[in-house]
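Below is one structure, written out as structure tokens, with a few remarks after it.
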Amino acid sequence: MKTLARLFRFGRPYRWLLVYGVTSMAVLSGIGMARPYLTKLLIDLVIVGGQYRYLLWLSLAVVGVSAARGIFNFLRQYLSHLYGQKVVYDLRNALYERLQYLSFSYYDTAQTGQLMSRLTGDVEATRTFLSFGFIHMMDFFFMLSFVLVILFSLDWRLTLASLAAMPFLAVVVMFFDKRVRPAFSAIQQQLAVLTATIQENITGVRVVKAFARESYEVEKFSRENREFFNKNVTASNLWATFIPLMDFVSGLSATFVLWYGGRQYIHDAISLGTLVAFTSYIWTLVWTTRDLGWLLNILEQSVASGERLFEILDTPSAIKDRPGALELATVHGHVRFEKVSFSYGGEAPVLHDINLDAPPGSMVALLGTTGSGKTSIVDLIPRFYEVNAGRVLVDGHDVRQVTLASLRRHIGLALQETFLFSASIRENIAYGRPDVTDEQVIVAAKAAQAHDFIMELPNGYETMVGERGIGLSGGQKQRVAIARAIATDPRILILDDSTSSVDMETEHLIHLALREVMRDRTTFVIAHRLSTVKHADEIVVLEEGRIVERGRHDELLRSGGHYKRIYDVQFKDQEEVLGTAAGGSPAGSAEGGADR
Amino acid sequence: MSDKPPAVATPAPKAGTGRLKYDADDEILERPFDRGQFQRLLSFLVPYKRPLVVTFLLMLVNSAAMLAGPYLMKTAIDQYIMPKNLAGLNLIAIIYIAVHFISWISAHYRVKIISIVGQGVLADLRHKLFDHIQKLSFRFFDGRPAGKILVRLTNDVSALNQLLTQGIINTLTDVMTLIGIIVIIVSMHARLALISFVTLPLLILIATRLRGVIRDRWRQVRRRLSMINAHLNETLQGVRVTQAFVREKRNMAWFDGINRDYVDTWMRAIRVDSIFGPLVELTGAIGTMAVYWFGTNLLLKGGISIGTLIAFTSYLGRFWQPISNLSAFYNQLLVAMASSERVFEILDTKPDVTDRPAAKTLPTIRGRVDFKDVSFSYDNEREVLRDINFSVEPGQTVALVGHTGAGKTSIINLLARFYETVDGRIEVDGVDIRQTTLVSLRSQFGLVLQDTFIFKGTVRENIRYGRLDATDEEIEEAAKAVHAHAFIARMPQGYDTELGERGARLSVGQKQLLSFARALLADPRILILDEATSSIDTETEILVQDALRKLLEGRTSFVVAHRLSTIRGADQIIVMENGRIVEVGTHDSLMRDRGLYHSLLRAQFRTLEEAAGAE
């Protein structure tokens, strides 16, 4: 109930639409009651009573009632849909806004599929309730009271007698409703499983084929397919059991009215018109009762859906502007980490006591094994996550004390797992600064070594990419993403393993170009290849969230730690090929892998 | 969208990357009726002939029982109530109950049987499709995004559900009901029946014309909705990029636009939709008025009885629903035509790599591989491999070296017979791979790709994918051998940790290690590593090197890699350029020859030199 109340509060600006809609519905039901009564009058007055003069008026009244019904029917449908749509329009916008601002930590655990089902299924269920369910629920009460008033005023004994079957019908309806709902949600769940099974099979087709697992996959699918069949048949069997039963009970009560009413007529207790009208009203009552289960279903579903939607709306964004946050107009790019510790959610800390100082124009390279905390460090600079202890400073300002938009606007970011939007390449590169000129886009693309391959595409910069465009290779996507980061003209550039799928030569060219572009700006680079890392002003080697080594290339080589070991693996090849003995590493050093 | 050229020349198609993904934004929603296609759909009902006949009979009984209602009412009024015959009234009440009872039982079995038939047909169809898709080759998947194939199996099959289950039977029921009503009222009073049909043409006109407009408007609503959904989906997937680039406000403005447009489109549809019901009702009322008017006149002249008049209006009231259903069925049919066309398109796609009629099971191989004059093209236009000849002895490691697009991955794709050669042949242990069954060939291969796929399930299940009958101990051994054990053991439930959507909780490197374990467990005779180590950081790679050596030992291996450490140890290095082999040899011999290999390596390391600065 709380959820419903909140839903209506949400739709408060449009409440008059709802009021008019419900009123139209009430009028509609009221007018509808006239039809069987006209029949009664026709029979009693004209046919049996022989008052022929009423025939014309009654016939016209039939048409008149229908016309009036038509007008109100249109009104209530139009108004209630308008109401539902307006509220859901606001709701959808509110959800969209929330989702735009929810922090990374939220998306770490949220699943796209589940969020999508909320944004589609749950929003639709809410709309159904607002523009349909609620008004019909109100109608249930209108109909019930109208019919009962009329029936009792026609003949109270006959009414009481014929109502005898109604509680029984209501019980059957409720019972059915109770049983059918879990059966349907079981179908939905199984459908989700089945869909997931198929999707996985298709996206993983290369692995399936490589391991020749087709028959295993068919077996797996077959199992889920059969289960889906079973779930469907179970639900249908409920249907097959209850719906005809309801028909039977309804038919029984109609038969009863005919029989009992017939007797009453025979005993001259009621008129023939009353009997016929009675049968009509009883049918109206029967159908109204049978709608009960369906209405309850809509109600419950919308409550559940509403709860899930409000849950999203109520999720606080873990990262947001503090009151009085500073607007960073210009940034020089001085980044400092002071005793920073960090953990994802409540989990074990992934960063311990990190201290870093990157003056404007410097380049910091982060090195370390998978899971050592490299990405966590760079994610703290644009404040995608909040530190647990210590602070991250940009130009001497704690990142928590400045507005997110002004902070992030000065940071360019390219990630390893690149996401491109379904739009043209141009739009993708201009994503961060939609107002950049075509020249700036091309400059960025050239620096990222993407210009040449873009020009070879069918429509050049206007070629559609992303899910609904052409597929680019991993390396191509990464280069577009780098161009996207550069195009924002950032003061701080972060490249998180963003050239891993680019071949060595191209990678080198990118970094040469970047040095040009990033002059006087600060760069953070995560990379595996030392060629990228080597000329950094500071190289930081991480292990399990701690800095274990730091310094310039030659310093680290001299100290002979982790860095030296990586260097040996990567550079001994070079010495062998080029026949030089640069860097002071004896060519005979261990073949790698000898450390454990 | 339509001005897109059919093919893109660059880059070279590669397993997993650089493929074409054309996705027409507007999927065809409806198709004109096609008799052949409809018959083909009906053929799926053939295995269910018997239950269908039973359902049909039950349906007849059911319809007859339904139609008996007003007639019994008429009989009751005319013959027993008006003449005040109590005993007769009792009798008719009993008959009435009996009819309801028959209706109950027949409806129960009808619904029950038809659901088994309908769901059965769907399950069959889905199974057939899935089975067929398993047989299709890479070429099929190259051209289509996964989502599109998925929709064939889910949405399109469900769209046929409506037609095949309720659709056909309900339509028969509706036709029967209509015929029944017409027969009954005409036999009750032909002239009154004709009068009551006065508004029928109008009804049919409304049903067809207005319905067409309504259908069209709702179609626009659906199109807007799918736009919204596509946008939402993309927004969720790219939310990190959005936040990183501070695009939230701009996105909101854009979304507000499509959201508003959707509401407007919806209301446009509702406006016509809301006219439909009242119009039908009004038309019906005019018919009823005519019946009242003429009926009463007739009645007063003694032409008909009161019961007849009441039964008449009752039957007329039941006339509209079947007509409305039939026009809905027509819509259903059009939708089903479009869906079935897409479903059949898949079923009719012939896999281009299949077992030949006389294909033999390949016994456990030793691992000799020969490429003999092999040429290959993905699109039958641009040759990506030309005259490839080489031989590999069992147990040898072969490294494939060359620029992006030189044809390295294509060689591997041909070897595993993911594609068929255009010219020449490939032999494994002296047997042409086209003469062997695909299963027996591929089950002796192990393949580790750059883009690792993690299935939904536990870590253990993911490794076990390599060999389904592996014990838990064997799985752990494999994991230990590739140095994956350490990070697995650190996970919350160790080997029983569930991996989410595409293994979202693992880093790229960790996924790669899992796929190593998977390959090792499979214990293949021929191992293929396609850029398998490019996503692993150097420190991890140091660990993996040793595992790799273990993995390569005693098997024929093909390695595509940039890392010299991996390449150098190879028994044979094949250097490729533009689809041709330009050099073959060992590292030492190739370095001595100072050919392409030498210059490739030099170029790479020169960049290192430059990167290192002038030292």
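No experiment lies behind these values; they were computed from the predicted model shown. Lettering follows sequence order; numbering is per chain, from 1. The analysis underlying the following values was restricted to heavy atoms, covering all of them including side chains, and did not include hydrogens, waters or symmetry mates.
Of the atoms belonging to A:V48, it is side-chain heavy atoms, and not backbone ones, that fall under 4.5 Å from chain B. With a threshold of 4.5 angstrom between heavy atoms, B:V111 approaches chain A through its backbone and through its side chain. Contacts of B:S440 with chain A are absent, with no heavy-atom separation under 4.5 Å from either backbone or side chain. Looking at A:L272, only its side chain comes within 4.5 Å of chain B, counting heavy atoms on both sides. For a residue to count as touching a neighbouring chain, one of its non-hydrogen atoms must lie under 4.5 Å from one of that chain's; by this rule A:S372 does not touch chain B. For B:I77, the part lying near chain A is the side chain, with the backbone staying farther off; criterion is any non-hydrogen pair under 4.5 Å.
Contact detail for A:V63 and B:A285: the closest heavy-atom pair is CG2-O, 4.1 Å.
Put simply, the side chain of A:I47 reaches to within 4.5 Å of the side chain of B:L309, judged on heavy atoms. With contacts defined as side-chain heavy-atom distances shorter than 4.5 Å, the pair A:S236/B:K112 does not qualify. When side chains are defined from C-beta on, A:I43 counts as touching B:I310, because their heavy atoms get closer than 4.5 Å. Here the side chains of B:K135 and A:E214 are not in contact, with every heavy-atom distance at 4.5 Å or above. Residues B:I105 and A:F248 fail the side-chain proximity criterion, which asks for heavy atoms closer than 4.5 Å.
Side chain of B:Q243 to backbone of A:L102: a donor-acceptor contact under 3.5 angstrom is found. Between the side chain of A:N73 and the backbone N or O of B:P278 there is no donor-acceptor pair closer than 3.5 Å. Remark: side-chain polar atoms of B:E234 are paired, donor with acceptor, to backbone N or O of A:S422 under 3.5 angstrom. The closest donor-acceptor contact from the side chain of A:R213 to the backbone of B:G466 lies under 3.5 Å.
Aromatic ring centres of B:Y465 and A:Y216: separated by under 6.0 Å.
Heavy-atom pairs under 4.5 Å with chain A peak, among B:Y292, B:F130, B:Y96, at B:F130.
Judged by the 6.0 Å and 45° rule, A:K209 forms no cation-pi pair with B:F418. At least one cation-pi condition fails for A:R408 and B:F245: the charged atom is not both under 6.0 angstrom from the six-membered ring centre and inside a 45 degree cone around its axis. Cation-pi geometry between B:R247 and A:Y431 is met: the NZ or CZ atom falls under 6.0 Å from the ring centre, inside 45° of the normal.
Side-chain polar atoms of A:Y89 and B:D256 form a donor-acceptor pair below 3.5 angstrom.
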